[in-house]
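Numbers here simply count residues along the sequence, with the first being 1.
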Amino acid sequence: MTYSSLRTARLAGCSVLASAFMLTSCTMSGGGGDRAGSSQSPAPSSARTATRQSEKELSEQAQAALAAVRGGTPVEAGAERVTDGIHSDATLSRGKTYRISLACTGKGNARLTFVPADAGTKTAVPCDKSVVQQRITADKPVRIDVDGTRGSTGVIAWQINAV
């Protein structure tokens with residue numbers, strides 16, 4: 001081997017080592033960066049997956065609680081995180097009577113309110129799988145809001161039925 005090919009081989013070897021060192025230091029840093037070479041999933045991803053599974057289970061439980069008390073013709077329905085709340089400008093016919101049913105699963109409470117206030121009664125909704133029902137009268141457009149109280153978590157399932 002000649003001197004120049006030996007020198008080229010050493011430079012190539014040093015480049016490979018330097019690249020490997022830089023790659024390792026970037027992927028293994030404790031600064032919260034990605035762990036590309038790690039065999040374990042990063043904690044935030046695992047936490048998000050567990051939260052999604054938990055929300056899915058809570059949603060299924062809340063919807064099952066509502067299914068036990070359904071009656072009337074369904075108008076609107078849904079399920080939301082307690083932290084997001086429910087905010088619906090319900091499409092209700094003037095002069096008709098409706099019933100909203102809510103089931104919350106998780107921890108804490110939520111608060112059901114109406115605009116205008118005389119469309120229904122302000123009501124507490126405990127996040128204990130119980131079903132809360134409220135009669136709605138629609139003399140004008142109705143806005144329905146359900147907001148979780150401070151520190152409450154879980155899922156609220158809701159349905160509006162024509163009575």
Side-chain angles (χ1 to χ4, degrees), residues 23 25-163:
L23 181 61
S25 67
C26 289
T27 60
M28 298 302 284
S29 73
D34 292 334
R35 296 179 182 172
S38 176
S39 63
Q40 296 179 355
S41 299
S45 175
S46 298
R48 274 186 252 126
T49 302
T51 300
R52 281 190 205 118
Q53 289 173 343
S54 174
E55 285 176 359
K56 182 180 178 193
E57 290 170 9
L58 290 172
S59 180
E60 289 170 356
Q61 291 171 3
Q63 290 173 348
L66 277 185
V69 295
R70 287 194 181 151
T73 306
V75 176
E76 290 185 29
E80 304 293 337
R81 289 184 192 105
V82 172
T83 54
D84 293 342
I86 298 167
H87 308 285
S88 174
D89 292 315
T91 309
L92 307 177
S93 299
R94 175 175 265 159
K96 288 191 89 179
T97 302
Y98 299 87
R99 180 177 47 238
I100 184 168
S101 301
L102 302 121
C104 183
T105 55
K107 296 179 183 171
N109 296 292
R111 178 61 107 193
L112 168 65
T113 58
F114 300 91
V115 177
D118 63 350
T121 305
K122 187 185 286 190
T123 304
V125 181
C127 293
D128 62 359
K129 299 181 192 174
S130 61
V131 177
V132 172
Q133 294 184 321
Q134 180 68 232
R135 191 176 279 283
I136 304 171
T137 53
D139 293 329
K140 47 189 152 189
V142 176
R143 177 165 176 84
I144 298 167
D145 292 306
V146 183
D147 293 298
T149 58
R150 186 177 187 146
S152 296
T153 61
V155 174
I156 303 170
W158 59 283
Q159 181 166 346
I160 299 173
N161 292 326
V163 181

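- Take Glu80 and apply the side-chain hydrogen bond (donor to acceptor under 3.5 Å, both in side chains) test, not counting sequence neighbours, and it matches no residue.
- A distance of 6.5 Å separates CD1 in Ile86 from CD1 in Ile100, rounded to the nearest 0.5 Å.
- Counting all heavy atoms, side chain and backbone alike, Pro116 lies closest to Pro141 at CD-O, 3.4 Å.
- Within the 4.5 Å cutoff, no side-chain heavy atoms of Gln159 are placed close to those of Glu76.
- Panel note: side chain Ser152, backbone Asn109; a donor-acceptor pair is recorded below 3.5 Å.
- Of the possible donor and acceptor atoms, one in the side chain of Gln134 sits under 3.5 Å from a partner among the backbone N and O of Thr121.
- Annotation: the span from Leu66 atom CG to Leu102 atom CG amounts to 7.0 Å, rounded to 0.5 Å.
- Taking 4.5 Å as the limit, some side-chain heavy atom of Ile160 sits within range of a side-chain heavy atom of Leu92.
- When all heavy atoms of Val132 and Ala124 are compared, the closest pair comes out as CG2-O, 4.0 Å.
- Taking every heavy atom of both residues into account, Val155 and Ala79 meet most closely at CG1-CB, 4.2 Å.
- Partners of Arg143 under the salt bridge (Lys or Arg N to Asp or Glu O under 4.0 Å) rule, at least two apart in sequence or in another chain, are Asp89, Asp145.
- With rounding to the nearest 0.5 Å, the separation of CD1 in Ile136 from NZ in Lys96 is 13.0 Å.
- Taking the side chain as every heavy atom from C-beta outward, Asp147 and Arg111 never approach each other to under 4.5 Å.
- Rounding to the nearest 0.5 angstrom, the gap separating the CG atom in Asn161 from the OG1 atom in Thr73 is 7.5 Å.
- Of the possible polar contacts, none joining the Arg99 side chain to the Arg135 backbone as a donor-acceptor pair under 3.5 Å is found.
- Rounded to the nearest 0.5 Å, atoms CG (Asp84) and CD1 (Ile156) are 9.5 Å apart.
- Within the 4.5 Å cutoff, no side-chain heavy atoms of Cys127 are placed close to those of Lys107.
- Here the shortest heavy-atom pairing between Ala162 and Tyr98 reads CA-CD2, 3.5 Å.
- Note that the CG atom of Leu112 and the CH2 atom of Trp158 stand 11.0 Å from one another [nearest 0.5 Å].
- In this structure a side-chain-to-backbone donor-acceptor pair under 3.5 Å is missing from Thr83 to Arg81.
- Counting all heavy atoms, side chain and backbone alike, Ala119 lies closest to Phe114 at CB-CB, 4.2 Å.
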